[in-house]
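Step one of this worksheet: look at the structure below.
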Amino acid sequence: MKTILLGAAAAVLLHITPTVILVKREDAVAKLLPGAERFAARELHLSSADSRRLHDAVGWEPADGVVTFYLGKRQDQVTGVLLFMRVDSQHGPLELAVGYDPGGGGGGGSIRGVEVTKATVETKPWVLEALKAGLTNAYRGLAVGQAPTGAEKVKPHVAAMPGYMAELIDKGVMHADAAFRLLYRP
Amino acid sequence: MLYDLGRSDIRVRWLVTLLLATLGTSYLFGAWMVGLYAGFGTTKVAETYGAAGEAMMMQMPPETTMVTERPISMAEMGEEQHHVDMNLLVQDTHVHMPMYAVIAAVLSVIVLGLAVSRGVGLAIIALLFAAPWLDFAGMWLTKLVSPRFAVVTLAGGWAMALGYTVVAALALWEMWSPRSDGK
């Protein structure tokens, strides 16, 4: 009986809480791809070599081998590029929308902005505290290839768990950055 | 039977009744959630747990990166097809299997107090534990082998519902039917 009770307690403690939407995807798109008249989804089914390049660069590759760039276009010109990135943790997944000024891609360009679109019931207050401390300001204008340092900037002003969330968000931005730098072609 | 649920103390019967009611409610919401995120048909389940998008057609990575581009509306960008990739499935399996085991164990303890033959008891307990195994085996086989294994996940879901319904119906009948003389 003791084992059953301990098992039940462990299961409850380990259970990941439900997902909550912090910013609707449509709102993130409107904010990060402003002025776009049309949109396109560019899906890349990665070869083993490209998956390895990503993995070598940042220790991550998409689990199903697919990276999707969402392009905002005006008069057939790409005005912005957006990626939705998921970051997993033992507290459940976060989802980020990372928008880029294309600037030629393949090494050019810069981050236009980052929105945290999803968290979980448990992580939401931590994420909100990190955001309130100005986390996403640290990414705006960051050149592609430059390491994100949002967590470093907000950690002195927030508690431990919001600081940890900031580290996860840094990681997501770093993954998006590697995908954009290594795989996006205008 | 190891104990007689039908003639047990009213506190035990009350506990079991509330437990069954709570589990039943959570199962109803579980079914609603499955409807929202994965669906009840093999096609939807295969889309949720199989390889992503068009990659379903090619389980192996291509020799060179393949690029496809298609126009998309703002509304479509907002619609996210719920897809469980390998990392999420690892996490789901890790967090859900212990809970499923605890639920199966608790329902099995109820079965031990039912007035059923040893063989029927063994069969119901086997069903209670087989359901989560089928559920997750189906998800993993759909992911790694073929989308056709989505039917195993569906079988797991129905087995879970059947197991709960059988235990709840028998237990409630034995505990609260007029012939029950529990104190």
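Each chain gets a letter, A, B and so on, in the order its sequence line appears, and its residues count up from 1. This is a predicted model, so every value here is computed, not measured.
For the pair B:Arg70 (side chain) and A:Ala40 (backbone), a donor-acceptor distance under 3.5 Å is absent.
Only the side chain of A:Leu71 comes within less than 4.5 Å of a heavy atom of chain B; its backbone N, CA, C and O stay farther away. With a 4.5 angstrom heavy-atom cutoff, A:Ala30 touches chain B via backbone and side-chain atoms both. Looking at A:Ala41, both its backbone and its side chain come within 4.5 Å of chain B, counting heavy atoms on both sides.
Classification of the A:Trp60-A:His175 ring pair by plane angle, with boundaries at 30° and 60°, yields parallel.
In this structure the side chain of B:Trp158 never reaches within 4.5 angstrom of the side chain of B:Leu162, judged on heavy atoms.
Ring to ring, A:Tyr100 and A:Tyr184 are not that close: their centroids are 6.0 angstrom or more apart.
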